[in-house]
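Note that this is a predicted model, so its numbers are computed, not measured.
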Amino acid sequence: MTPLASDLAAGLVQSVDWLAVAPPTIAAVAGLAVLVADLFLPEHRKPLLGWLATAGLALAGLSLLPLLDGDRSTFCVGSGGGAACSYTADTFTLVIQLLVLGGALLTALLSISGIQDLRLPAGEFWFLLLSSASGAALLPASRDLATLVVALEVASLPAFALVGLRRESRLSSEAALKFFLSSVTATAVMLLGVSFVYAATGSLHLSRIADGLAQVDPRLDTLAQAGVVLTLVGFAFKTAAVPFHFWVPDTYVGAPIPVAAYLSVVGKAVGFSGLILVTVVAFPRYDDVWGPAVAVLAALTMTAGNVAALRQRPERAHSAVRVLAWSSVGQAGYLLVPIAAAGYAGPGGDAAHAIGSTVAYALMYAAVNLGAFAVVALVARTHPTGRITDYRGLYAARPATALALGFFLLCLAGLPPGVIGLFAKVTVFSTAVDAGLGWLAVVMALNVVIALYYYLQWTAVLFRAPEPAPEDAAGVASVTPVAATAPLTAAIGLAAVLGIALSGAPQLVLRFASGALL
(Lines give C-alpha, C1' and ligand atoms only; values in the text may rest on other atoms or scores of the structure.)
Protein backbone atom coordinates (compact mmCIF):
# COMPACT_ATOMS: atom_id res chain seq x y z
CA MET A 1 0.00 0.00 0.00
CA THR A 2 1.37 3.41 -0.94
CA PRO A 3 1.87 6.06 1.77
CA LEU A 4 -0.95 8.16 0.24
CA ALA A 5 -3.37 5.24 0.34
CA SER A 6 -2.27 4.41 3.87
CA ASP A 7 -2.95 7.96 5.05
CA LEU A 8 -6.34 7.93 3.33
CA ALA A 9 -7.27 4.63 4.96
CA ALA A 10 -6.18 5.93 8.36
CA GLY A 11 -8.47 8.91 7.87
CA LEU A 12 -11.43 6.74 6.98
CA VAL A 13 -11.02 4.11 9.70
CA GLN A 14 -11.77 5.44 13.17
CA SER A 15 -11.68 3.97 16.63
CA VAL A 16 -15.11 3.98 18.25
CA ASP A 17 -15.52 5.34 21.76
CA TRP A 18 -17.64 2.47 23.04
CA LEU A 19 -18.10 4.07 26.43
CA ALA A 20 -19.69 7.14 24.84
CA VAL A 21 -22.11 5.08 22.74
CA ALA A 22 -22.87 2.59 25.52
CA PRO A 23 -26.41 3.78 26.52
CA PRO A 24 -28.13 3.32 23.12
CA THR A 25 -25.93 0.31 22.30
CA ILE A 26 -26.87 -1.57 25.48
CA ALA A 27 -30.57 -0.91 24.87
CA ALA A 28 -30.25 -2.21 21.30
CA VAL A 29 -28.29 -5.31 22.37
CA ALA A 30 -30.86 -6.02 25.08
CA GLY A 31 -33.58 -5.84 22.41
CA LEU A 32 -31.77 -8.39 20.26
CA ALA A 33 -31.23 -10.63 23.31
CA VAL A 34 -34.96 -10.52 24.07
CA LEU A 35 -35.80 -11.37 20.46
CA VAL A 36 -33.48 -14.39 20.47
CA ALA A 37 -34.62 -15.55 23.92
CA ASP A 38 -38.24 -15.41 22.76
CA LEU A 39 -37.47 -18.15 20.23
CA PHE A 40 -36.40 -20.62 22.91
CA LEU A 41 -38.51 -19.85 25.96
CA PRO A 42 -41.71 -21.86 26.41
CA GLU A 43 -44.96 -19.92 26.71
CA HIS A 44 -45.19 -20.16 30.51
CA ARG A 45 -41.68 -18.65 30.82
CA LYS A 46 -42.39 -15.61 28.61
CA PRO A 47 -42.77 -13.24 31.62
CA LEU A 48 -38.99 -13.58 32.07
CA LEU A 49 -38.59 -11.48 28.91
CA GLY A 50 -40.06 -8.49 30.74
CA TRP A 51 -37.54 -8.73 33.52
CA LEU A 52 -34.72 -9.19 30.99
CA ALA A 53 -35.83 -6.03 29.17
CA THR A 54 -36.12 -4.12 32.46
CA ALA A 55 -32.61 -5.22 33.44
CA GLY A 56 -31.30 -4.11 30.03
CA LEU A 57 -32.83 -0.64 30.45
CA ALA A 58 -31.45 -0.37 33.99
CA LEU A 59 -27.98 -1.34 32.75
CA ALA A 60 -28.23 1.24 29.94
CA GLY A 61 -29.14 3.87 32.52
CA LEU A 62 -26.20 2.90 34.75
CA SER A 63 -23.86 3.23 31.77
CA LEU A 64 -24.42 7.01 31.99
CA LEU A 65 -22.44 7.22 35.23
CA PRO A 66 -18.94 6.85 33.70
CA LEU A 67 -19.79 9.64 31.23
CA LEU A 68 -20.25 12.27 33.93
CA ASP A 69 -16.53 13.11 34.08
CA GLY A 70 -16.52 15.12 30.83
CA ASP A 71 -17.70 15.44 27.24
CA ARG A 72 -16.86 12.64 24.81
CA SER A 73 -17.24 12.59 21.04
CA THR A 74 -16.82 9.95 18.38
CA PHE A 75 -17.40 9.42 14.64
CA CYS A 76 -15.58 12.67 13.85
CA VAL A 77 -14.25 14.13 10.61
CA GLY A 78 -11.43 16.65 10.46
CA SER A 79 -8.97 17.33 13.23
CA GLY A 80 -8.27 19.89 15.90
CA GLY A 81 -10.68 22.77 16.33
CA GLY A 82 -12.22 22.17 12.92
CA ALA A 83 -13.38 18.62 13.72
CA ALA A 84 -17.07 17.87 13.35
CA CYS A 85 -18.49 14.86 15.19
CA SER A 86 -21.63 12.86 14.57
CA TYR A 87 -21.98 11.65 18.18
CA THR A 88 -21.34 13.75 21.28
CA ALA A 89 -21.99 12.69 24.87
CA ASP A 90 -22.17 16.07 26.61
CA THR A 91 -24.32 17.20 29.53
CA PHE A 92 -27.36 17.82 27.34
CA THR A 93 -27.07 14.32 25.90
CA LEU A 94 -26.77 12.71 29.32
CA VAL A 95 -29.77 14.57 30.78
CA ILE A 96 -32.03 13.59 27.88
CA GLN A 97 -30.72 10.02 27.86
CA LEU A 98 -31.47 9.84 31.59
CA LEU A 99 -35.01 11.04 30.91
CA VAL A 100 -35.48 8.62 27.99
CA LEU A 101 -34.05 5.53 29.66
CA GLY A 102 -35.74 6.32 32.98
CA GLY A 103 -39.05 6.80 31.18
CA ALA A 104 -38.60 3.55 29.28
CA LEU A 105 -37.75 1.76 32.55
CA LEU A 106 -40.95 2.97 34.22
CA THR A 107 -42.86 1.99 31.07
CA ALA A 108 -41.36 -1.50 31.34
CA LEU A 109 -42.61 -1.80 34.92
CA LEU A 110 -46.09 -0.75 33.75
CA SER A 111 -45.99 -3.25 30.93
CA ILE A 112 -45.02 -6.41 32.81
CA SER A 113 -48.58 -6.82 34.07
CA GLY A 114 -50.23 -5.11 31.11
CA ILE A 115 -48.86 -7.59 28.59
CA GLN A 116 -50.54 -10.47 30.40
CA ASP A 117 -53.81 -8.59 30.88
CA LEU A 118 -54.03 -7.56 27.21
CA ARG A 119 -52.57 -10.84 25.91
CA LEU A 120 -49.93 -9.06 23.86
CA PRO A 121 -47.08 -11.06 22.25
CA ALA A 122 -44.32 -10.66 24.82
CA GLY A 123 -41.29 -11.14 22.57
CA GLU A 124 -42.46 -8.63 19.96
CA PHE A 125 -43.51 -6.07 22.58
CA TRP A 126 -40.23 -6.02 24.47
CA PHE A 127 -38.12 -6.04 21.31
CA LEU A 128 -40.06 -3.08 19.90
CA LEU A 129 -39.89 -1.15 23.18
CA LEU A 130 -36.13 -1.62 23.52
CA SER A 131 -35.55 -0.77 19.84
CA SER A 132 -37.51 2.46 20.20
CA ALA A 133 -35.68 3.31 23.43
CA SER A 134 -32.30 2.80 21.74
CA GLY A 135 -33.25 5.23 18.97
CA ALA A 136 -34.56 7.73 21.52
CA ALA A 137 -31.28 7.49 23.47
CA LEU A 138 -29.26 7.98 20.28
CA LEU A 139 -31.07 11.13 19.15
CA PRO A 140 -29.85 13.66 21.78
CA ALA A 141 -26.25 12.61 21.04
CA SER A 142 -26.67 13.10 17.28
CA ARG A 143 -24.76 16.05 15.88
CA ASP A 144 -25.46 15.68 12.17
CA LEU A 145 -28.79 15.70 10.35
CA ALA A 146 -28.35 12.21 8.88
CA THR A 147 -27.85 10.60 12.29
CA LEU A 148 -30.62 12.77 13.70
CA VAL A 149 -33.14 11.56 11.11
CA VAL A 150 -32.06 7.92 11.49
CA ALA A 151 -32.37 8.11 15.29
CA LEU A 152 -35.77 9.76 14.96
CA GLU A 153 -37.05 6.97 12.74
CA VAL A 154 -35.51 4.22 14.88
CA ALA A 155 -37.43 5.69 17.81
CA SER A 156 -40.66 6.12 15.80
CA LEU A 157 -41.03 3.02 13.63
CA PRO A 158 -41.24 0.52 16.52
CA ALA A 159 -43.74 2.86 18.21
CA PHE A 160 -46.16 2.43 15.27
CA ALA A 161 -46.13 -1.33 15.83
CA LEU A 162 -46.48 -0.95 19.60
CA VAL A 163 -49.62 1.14 19.15
CA GLY A 164 -51.21 -1.48 16.86
CA LEU A 165 -50.06 -4.55 18.78
CA ARG A 166 -53.59 -5.37 19.99
CA ARG A 167 -54.53 -7.05 16.75
CA GLU A 168 -58.11 -7.83 17.77
CA SER A 169 -58.86 -4.19 18.66
CA ARG A 170 -60.32 -1.92 16.01
CA LEU A 171 -59.31 1.16 18.04
CA SER A 172 -55.72 -0.04 18.17
CA SER A 173 -55.50 -0.65 14.42
CA GLU A 174 -57.07 2.72 13.65
CA ALA A 175 -54.72 4.50 16.05
CA ALA A 176 -51.65 2.84 14.54
CA LEU A 177 -52.75 3.77 11.01
CA LYS A 178 -53.35 7.43 11.91
CA PHE A 179 -50.06 7.62 13.75
CA PHE A 180 -48.16 6.00 10.89
CA LEU A 181 -49.63 8.05 8.04
CA SER A 182 -49.26 11.40 9.78
CA SER A 183 -45.73 10.58 10.95
CA VAL A 184 -44.59 9.44 7.50
CA THR A 185 -45.95 12.64 5.96
CA ALA A 186 -44.13 14.79 8.51
CA THR A 187 -40.91 12.84 7.98
CA ALA A 188 -41.12 13.33 4.23
CA VAL A 189 -41.51 17.08 4.70
CA MET A 190 -38.58 17.12 7.14
CA LEU A 191 -36.34 15.22 4.73
CA LEU A 192 -37.15 17.75 2.03
CA GLY A 193 -36.08 20.49 4.43
CA VAL A 194 -32.87 18.62 5.28
CA SER A 195 -32.04 18.34 1.58
CA PHE A 196 -32.56 22.10 1.15
CA VAL A 197 -30.28 22.84 4.11
CA TYR A 198 -27.62 20.52 2.71
CA ALA A 199 -27.87 22.19 -0.70
CA ALA A 200 -27.42 25.62 0.87
CA THR A 201 -24.54 24.74 3.21
CA GLY A 202 -22.85 21.65 1.73
CA SER A 203 -22.75 19.89 5.12
CA LEU A 204 -24.91 17.73 7.38
CA HIS A 205 -22.99 18.35 10.64
CA LEU A 206 -24.90 20.76 12.86
CA SER A 207 -21.88 22.91 13.76
CA ARG A 208 -20.84 23.28 10.12
CA ILE A 209 -24.40 24.03 9.08
CA ALA A 210 -24.42 26.90 11.58
CA ASP A 211 -21.18 28.25 10.07
CA GLY A 212 -22.49 27.76 6.53
CA LEU A 213 -25.78 29.57 7.20
CA ALA A 214 -23.88 32.47 8.78
CA GLN A 215 -22.27 33.18 5.37
CA VAL A 216 -24.72 31.60 2.95
CA ASP A 217 -24.77 32.81 -0.63
CA PRO A 218 -27.55 35.45 -0.93
CA ARG A 219 -28.90 33.57 -3.93
CA LEU A 220 -29.47 30.54 -1.67
CA ASP A 221 -30.94 32.43 1.26
CA THR A 222 -34.57 31.66 0.31
CA LEU A 223 -33.67 27.99 -0.15
CA ALA A 224 -32.02 27.94 3.26
CA GLN A 225 -35.01 29.58 4.94
CA ALA A 226 -37.38 27.08 3.32
CA GLY A 227 -35.12 24.24 4.53
CA VAL A 228 -35.18 25.58 8.08
CA VAL A 229 -38.98 25.82 8.13
CA LEU A 230 -39.58 22.40 6.57
CA THR A 231 -37.09 20.74 8.94
CA LEU A 232 -38.92 22.22 11.91
CA VAL A 233 -42.23 20.78 10.67
CA GLY A 234 -41.05 17.22 11.27
CA PHE A 235 -40.03 17.93 14.84
CA ALA A 236 -43.22 19.92 15.45
CA PHE A 237 -45.13 16.74 14.65
CA LYS A 238 -43.07 14.70 17.11
CA THR A 239 -43.73 17.26 19.85
CA ALA A 240 -47.50 17.21 19.07
CA ALA A 241 -47.49 20.95 18.40
CA VAL A 242 -50.62 22.43 16.84
CA PRO A 243 -51.60 21.96 14.01
CA PHE A 244 -49.62 18.68 13.93
CA HIS A 245 -51.33 17.28 17.04
CA PHE A 246 -54.43 15.66 15.57
CA TRP A 247 -53.06 12.13 15.94
CA VAL A 248 -52.55 12.33 19.72
CA PRO A 249 -55.97 11.60 21.34
CA ASP A 250 -56.96 8.69 19.11
CA THR A 251 -53.46 7.20 19.23
CA TYR A 252 -53.32 7.34 23.04
CA VAL A 253 -56.80 5.83 23.41
CA GLY A 254 -56.14 3.04 20.89
CA ALA A 255 -52.70 2.14 22.22
CA PRO A 256 -52.14 -0.06 25.28
CA ILE A 257 -51.90 2.23 28.32
CA PRO A 258 -48.15 1.61 28.88
CA VAL A 259 -47.49 2.51 25.23
CA ALA A 260 -49.53 5.71 25.59
CA ALA A 261 -47.45 6.56 28.66
CA TYR A 262 -44.27 5.90 26.69
CA LEU A 263 -45.35 8.13 23.81
CA SER A 264 -46.39 10.94 26.14
CA VAL A 265 -42.94 11.11 27.76
CA VAL A 266 -40.24 9.44 25.68
CA GLY A 267 -41.85 10.37 22.36
CA LYS A 268 -41.96 14.00 23.46
CA ALA A 269 -38.38 13.90 24.72
CA VAL A 270 -37.30 12.73 21.27
CA GLY A 271 -39.16 15.53 19.53
CA PHE A 272 -38.02 18.29 21.86
CA SER A 273 -34.37 17.24 21.97
CA GLY A 274 -34.31 17.13 18.16
CA LEU A 275 -36.03 20.51 17.95
CA ILE A 276 -33.53 22.04 20.38
CA LEU A 277 -30.55 20.69 18.44
CA VAL A 278 -31.66 21.91 15.04
CA THR A 279 -32.80 25.34 16.22
CA VAL A 280 -30.17 26.37 18.76
CA VAL A 281 -27.16 24.45 17.40
CA ALA A 282 -27.72 24.33 13.62
CA PHE A 283 -30.00 27.30 12.84
CA PRO A 284 -29.01 30.19 15.15
CA ARG A 285 -28.54 32.35 12.04
CA TYR A 286 -32.30 32.16 11.38
CA ASP A 287 -33.54 32.70 14.92
CA ASP A 288 -35.62 35.55 13.53
CA VAL A 289 -37.49 32.90 11.50
CA TRP A 290 -37.93 30.04 13.95
CA GLY A 291 -38.18 32.13 17.12
CA PRO A 292 -41.52 33.80 16.25
CA ALA A 293 -42.76 30.59 14.60
CA VAL A 294 -42.13 28.53 17.74
CA ALA A 295 -43.71 31.25 19.90
CA VAL A 296 -46.92 31.11 17.84
CA LEU A 297 -46.85 27.29 17.93
CA ALA A 298 -46.47 27.39 21.72
CA ALA A 299 -49.50 29.68 22.13
CA LEU A 300 -51.67 27.61 19.78
CA THR A 301 -50.57 24.30 21.27
CA MET A 302 -51.17 25.09 24.92
CA THR A 303 -54.54 26.70 24.13
CA ALA A 304 -55.82 23.89 21.90
CA GLY A 305 -54.66 21.19 24.32
CA ASN A 306 -56.14 22.73 27.46
CA VAL A 307 -59.44 23.74 25.86
CA ALA A 308 -59.90 20.24 24.41
CA ALA A 309 -59.08 18.65 27.79
CA LEU A 310 -61.59 20.98 29.44
CA ARG A 311 -64.33 19.73 27.10
CA GLN A 312 -63.89 16.05 27.96
CA ARG A 313 -66.88 14.55 29.76
CA PRO A 314 -65.95 12.50 32.85
CA GLU A 315 -68.60 9.84 32.14
CA ARG A 316 -67.37 9.22 28.60
CA ALA A 317 -65.51 5.98 27.88
CA HIS A 318 -61.70 6.42 27.87
CA SER A 319 -62.09 9.95 29.28
CA ALA A 320 -59.14 9.44 31.67
CA VAL A 321 -56.69 8.71 28.84
CA ARG A 322 -58.24 11.43 26.66
CA VAL A 323 -57.72 14.04 29.36
CA LEU A 324 -54.10 12.97 29.77
CA ALA A 325 -53.68 13.00 25.98
CA TRP A 326 -54.99 16.53 25.57
CA SER A 327 -53.13 17.56 28.71
CA SER A 328 -49.90 16.32 27.07
CA VAL A 329 -50.64 18.60 24.11
CA GLY A 330 -51.09 21.54 26.48
CA GLN A 331 -47.89 20.64 28.33
CA ALA A 332 -46.07 20.55 24.97
CA GLY A 333 -47.06 24.19 24.54
CA TYR A 334 -45.39 25.08 27.83
CA LEU A 335 -42.27 23.17 26.78
CA LEU A 336 -42.09 25.18 23.55
CA VAL A 337 -42.04 28.53 25.35
CA PRO A 338 -38.35 28.46 26.44
CA ILE A 339 -37.30 27.31 22.95
CA ALA A 340 -39.06 30.34 21.50
CA ALA A 341 -37.38 32.50 24.16
CA ALA A 342 -34.00 31.11 23.07
CA GLY A 343 -34.72 32.42 19.58
CA TYR A 344 -35.25 35.91 20.95
CA ALA A 345 -32.34 35.71 23.40
CA GLY A 346 -29.81 34.87 20.69
CA PRO A 347 -26.70 32.72 21.19
CA GLY A 348 -24.97 32.68 24.54
CA GLY A 349 -25.81 32.13 28.16
CA ASP A 350 -29.38 33.46 27.95
CA ALA A 351 -30.24 30.93 25.25
CA ALA A 352 -28.66 28.12 27.27
CA HIS A 353 -30.63 29.15 30.35
CA ALA A 354 -33.87 29.18 28.35
CA ILE A 355 -33.18 25.70 27.00
CA GLY A 356 -32.37 24.58 30.54
CA SER A 357 -35.90 25.61 31.52
CA THR A 358 -37.33 23.28 28.88
CA VAL A 359 -35.12 20.41 30.07
CA ALA A 360 -36.07 21.02 33.72
CA TYR A 361 -39.76 21.14 32.84
CA ALA A 362 -39.42 17.94 30.80
CA LEU A 363 -37.85 16.11 33.77
CA MET A 364 -40.74 17.14 36.02
CA TYR A 365 -43.35 16.27 33.42
CA ALA A 366 -41.83 12.86 32.72
CA ALA A 367 -41.92 11.74 36.36
CA VAL A 368 -45.45 12.85 37.22
CA ASN A 369 -47.08 12.04 33.88
CA LEU A 370 -45.74 8.49 33.94
CA GLY A 371 -47.04 8.22 37.49
CA ALA A 372 -50.51 9.36 36.40
CA PHE A 373 -50.54 6.80 33.58
CA ALA A 374 -49.42 4.12 36.05
CA VAL A 375 -52.47 4.79 38.22
CA VAL A 376 -54.68 4.79 35.11
CA ALA A 377 -53.24 1.39 34.19
CA LEU A 378 -53.97 0.13 37.70
CA VAL A 379 -57.58 1.30 37.71
CA ALA A 380 -58.11 -0.02 34.17
CA ARG A 381 -57.53 -3.56 35.45
CA THR A 382 -60.97 -3.46 37.08
CA HIS A 383 -62.60 -0.64 35.07
CA PRO A 384 -61.67 -1.22 31.41
CA THR A 385 -63.91 1.62 30.19
CA GLY A 386 -61.41 4.10 31.66
CA ARG A 387 -63.88 6.81 32.65
CA ILE A 388 -62.92 9.52 35.13
CA THR A 389 -66.10 8.70 37.05
CA ASP A 390 -64.59 5.25 37.68
CA TYR A 391 -62.12 6.95 40.06
CA ARG A 392 -64.86 8.00 42.45
CA GLY A 393 -64.11 6.61 45.88
CA LEU A 394 -60.57 5.55 45.00
CA TYR A 395 -59.35 7.06 48.27
CA ALA A 396 -61.70 4.81 50.23
CA ALA A 397 -60.49 1.71 48.35
CA ARG A 398 -56.76 2.49 48.02
CA PRO A 399 -55.74 5.63 49.94
CA ALA A 400 -52.07 5.57 48.92
CA THR A 401 -52.91 5.22 45.21
CA ALA A 402 -55.45 8.05 45.37
CA LEU A 403 -52.99 10.33 47.18
CA ALA A 404 -50.32 9.53 44.58
CA LEU A 405 -52.64 10.34 41.67
CA GLY A 406 -53.80 13.52 43.39
CA PHE A 407 -50.17 14.54 43.84
CA PHE A 408 -49.39 13.84 40.17
CA LEU A 409 -52.37 15.87 38.98
CA LEU A 410 -51.51 18.78 41.26
CA CYS A 411 -47.94 18.73 39.94
CA LEU A 412 -49.25 18.91 36.37
CA ALA A 413 -51.55 21.77 37.42
CA GLY A 414 -48.71 23.59 39.19
CA LEU A 415 -50.31 23.67 42.64
CA PRO A 416 -48.85 22.81 46.07
CA PRO A 417 -47.91 20.27 47.32
CA GLY A 418 -46.70 19.68 43.75
CA VAL A 419 -43.95 22.26 44.24
CA ILE A 420 -41.91 21.03 41.28
CA GLY A 421 -44.84 21.66 38.94
CA LEU A 422 -45.29 25.19 40.27
CA PHE A 423 -41.55 25.88 40.11
CA ALA A 424 -41.31 24.56 36.54
CA LYS A 425 -44.19 26.74 35.36
CA VAL A 426 -42.79 29.84 37.06
CA THR A 427 -39.40 29.16 35.47
CA VAL A 428 -40.90 28.82 31.99
CA PHE A 429 -43.02 31.93 32.58
CA SER A 430 -39.95 33.94 33.59
CA THR A 431 -38.03 32.91 30.45
CA ALA A 432 -40.86 34.30 28.31
CA VAL A 433 -40.88 37.58 30.23
CA ASP A 434 -37.08 37.92 30.13
CA ALA A 435 -37.12 37.39 26.35
CA GLY A 436 -39.66 40.17 25.87
CA LEU A 437 -42.48 37.75 25.03
CA GLY A 438 -45.01 39.35 27.35
CA TRP A 439 -47.97 38.33 25.19
CA LEU A 440 -46.89 34.70 25.32
CA ALA A 441 -46.55 34.89 29.12
CA VAL A 442 -50.13 36.19 29.31
CA VAL A 443 -51.37 33.35 27.10
CA MET A 444 -49.55 30.86 29.30
CA ALA A 445 -51.04 32.32 32.48
CA LEU A 446 -54.56 32.05 31.03
CA ASN A 447 -53.94 28.45 30.02
CA VAL A 448 -52.67 27.54 33.48
CA VAL A 449 -55.97 28.81 34.89
CA ILE A 450 -57.95 26.79 32.32
CA ALA A 451 -55.98 23.65 33.15
CA LEU A 452 -56.69 24.04 36.86
CA TYR A 453 -60.34 23.20 36.28
CA TYR A 454 -59.96 19.76 34.74
CA TYR A 455 -57.03 18.73 36.94
CA LEU A 456 -58.90 19.72 40.11
CA GLN A 457 -62.13 18.16 38.83
CA TRP A 458 -60.39 14.79 38.48
CA THR A 459 -58.64 15.22 41.85
CA ALA A 460 -61.97 15.93 43.58
CA VAL A 461 -63.48 12.72 42.18
CA LEU A 462 -60.82 10.66 43.98
CA PHE A 463 -62.00 11.77 47.42
CA ARG A 464 -65.75 11.62 46.94
CA ALA A 465 -67.71 8.96 48.76
CA PRO A 466 -67.94 5.81 46.66
CA GLU A 467 -71.20 5.02 44.94
CA PRO A 468 -73.34 2.38 46.65
CA ALA A 469 -72.01 -1.02 45.66
CA PRO A 470 -74.34 -3.28 43.65
CA GLU A 471 -75.87 -6.16 45.55
CA ASP A 472 -75.45 -9.76 44.51
CA ALA A 473 -78.23 -12.30 44.27
CA ALA A 474 -78.12 -12.94 48.03
CA GLY A 475 -78.64 -9.26 48.81
CA VAL A 476 -75.05 -8.75 49.97
CA ALA A 477 -73.21 -5.68 48.71
CA SER A 478 -70.22 -6.60 46.55
CA VAL A 479 -67.26 -4.41 45.72
CA THR A 480 -64.63 -5.17 43.07
CA PRO A 481 -61.23 -4.36 44.59
CA VAL A 482 -58.61 -2.54 42.56
CA ALA A 483 -56.05 -5.23 41.78
CA ALA A 484 -52.40 -4.28 42.07
CA THR A 485 -49.22 -6.04 41.03
CA ALA A 486 -45.71 -5.57 42.36
CA PRO A 487 -44.28 -3.99 39.14
CA LEU A 488 -47.24 -1.61 38.85
CA THR A 489 -46.98 -0.63 42.49
CA ALA A 490 -43.24 -0.12 42.07
CA ALA A 491 -43.83 2.18 39.07
CA ILE A 492 -46.31 4.32 41.00
CA GLY A 493 -43.99 4.41 44.02
CA LEU A 494 -40.93 5.38 41.97
CA ALA A 495 -42.80 8.18 40.19
CA ALA A 496 -44.14 9.49 43.50
CA VAL A 497 -40.69 9.41 45.13
CA LEU A 498 -39.21 11.26 42.15
CA GLY A 499 -41.95 13.88 42.26
CA ILE A 500 -41.54 14.42 45.99
CA ALA A 501 -37.74 14.56 45.71
CA LEU A 502 -37.90 17.08 42.89
CA SER A 503 -40.42 19.14 44.87
CA GLY A 504 -38.00 19.18 47.79
CA ALA A 505 -35.13 20.68 45.78
CA PRO A 506 -36.54 22.19 42.56
CA GLN A 507 -33.69 24.70 42.20
CA LEU A 508 -31.20 21.85 41.85
CA VAL A 509 -33.12 20.56 38.82
CA LEU A 510 -32.95 23.94 37.10
CA ARG A 511 -29.27 24.38 37.97
CA PHE A 512 -28.48 20.95 36.59
CA ALA A 513 -30.53 21.49 33.44
CA SER A 514 -29.32 25.04 32.77
CA GLY A 515 -25.83 23.79 32.07
CA ALA A 516 -27.15 21.04 29.85
CA LEU A 517 -26.56 22.60 26.46
CA LEU A 518 -23.75 24.07 24.51
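- The backbone N or O of T88 lies less than 3.5 Å from a partner atom in the side chain of T93, making a donor-acceptor pair.
- Not one N or O on the side chain of R166 forms a donor-acceptor pair closer than 3.5 Å with the backbone of V163.
- Contact between A260 and F373 at its shortest, heavy atoms only, is CB-CE2, 3.9 Å.
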Intermediate values then yes/no, side chain to side chain contact (heavy atoms under 4.5 Å, CB included), L494 and L109: CA-CA 10 Å; L494 281 174; L109 292 174; 3.8 Å; yes
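- Between L277 and L148 there is a side-chain heavy-atom pair separated by less than 4.5 Å.
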From CA spacing to verdict: side chain to side chain contact (heavy atoms under 4.5 Å, CB included), W290, T231: CA-CA 11 Å; W290 58 260; T231 302; over 6 Å; no
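- Of all heavy-atom pairs between A53 and L130, the closest is CB-CD1, 3.8 Å.
- At least one donor-acceptor pair under 3.5 Å links the side chain of K425 to the backbone N or O of L412.
- S132 and Y262 share a donor-acceptor pair across their side chains, judged by distance under 3.5 Å alone.
- Nearest heavy-atom pair across S328 and K268 is O-CE, 3.1 Å.
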Side chain to side chain contact (heavy atoms under 4.5 Å, CB included) between L409 and Y454, intermediate numbers included: CA-CA 10 Å; L409 294 174; Y454 62 82; over 6 Å; no
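- Looking only at atom types and distance, the side chain of T431 has no donor-acceptor partner in the side chain of D434 under 3.5 Å away.
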C411/I420 under side chain to side chain contact (heavy atoms under 4.5 Å, CB included): CA gap, chis, key distance, verdict: CA-CA 7 Å; C411 282; I420 185 61; 4.0 Å; yes
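- Under the ring pair (Phe, Tyr, Trp, His ring centres under 6.0 Å) criterion, the residue pairs touching residues 127-175 are F160-F179, F160-F180, with sequence neighbours excluded.
- By the 4.5 Å heavy-atom criterion applied to side chains, L378 and I492 are counted as neighbours.
- Nearest heavy-atom pair across P158 and L128 is CB-O, 3.3 Å.
- In this structure, the side chains of F272 and I96 stay at 4.5 Å or more apart for every pair of heavy atoms.
- Partners of S195 according to the side-chain contact (heavy atoms from CB on, under 4.5 Å) rule, which considers only residues two or more places apart in sequence or in another chain, are L192.
- To the nearest 0.5 Å, atom CG of residue L300 and atom NE2 of residue H245 are 9.5 Å apart.
- Atom CZ in R392 sits 13.0 Å away from atom CG in L394 (nearest 0.5 Å).
- Pairs passing the side chain to side chain donor-acceptor pair (under 3.5 Å) check and including a residue from residues 367-376, sequence neighbours excluded, read S264-N369, Y365-N369.
- Side chain to side chain, S327 and Y455 meet the donor-acceptor criterion of an N or O pair below 3.5 Å.
- Note that the NE2 atom of H383 and the CD1 atom of I388 stand 14.0 Å from one another [nearest 0.5 Å].
- Counting heavy atoms from C-beta outward, V428 and L335 have side chains that stay 4.5 Å or more apart.
- For F407, the ring-ring contact (aromatic ring centres under 6.0 Å, His included) criterion is met by no residue, not counting sequence neighbours.
- Side-chain atoms of T301 do not come within 3.5 Å of backbone N or O of G333 as any donor-acceptor pair.
- Here salt bridge (charged side-chain N to carboxylate O under 4.0 Å, His left out) pairs that include residues 230-250, with residues two or more places apart or in two chains, are K178-D250, D250-R322.
- Qualifying ring-ring contact (aromatic ring centres under 6.0 Å, His included) partners for F463, counting only residues two or more places apart in sequence or in other chains: Y395.
- Between the side chain of N447 and the main chain of V443, a donor-acceptor pair closer than 3.5 Å is present.
- To the nearest 0.5 Å, atom OG1 of residue T107 and atom CG of residue L57 are 9.0 Å apart.
- In this structure, Y87 and L138 have side chains that are in contact, with non-hydrogen atoms separated by less than 4.5 Å.
- A distance-only check finds no donor-acceptor pair linking the side chain of T147 to the backbone of L139 [under 3.5 Å].
- Counting all heavy atoms, side chain and backbone alike, I112 lies closest to P487 at CG2-CG, 3.9 Å.
- Nearest approach of L230 to G193, heavy atoms of both residues: CB-CA, 3.6 Å.
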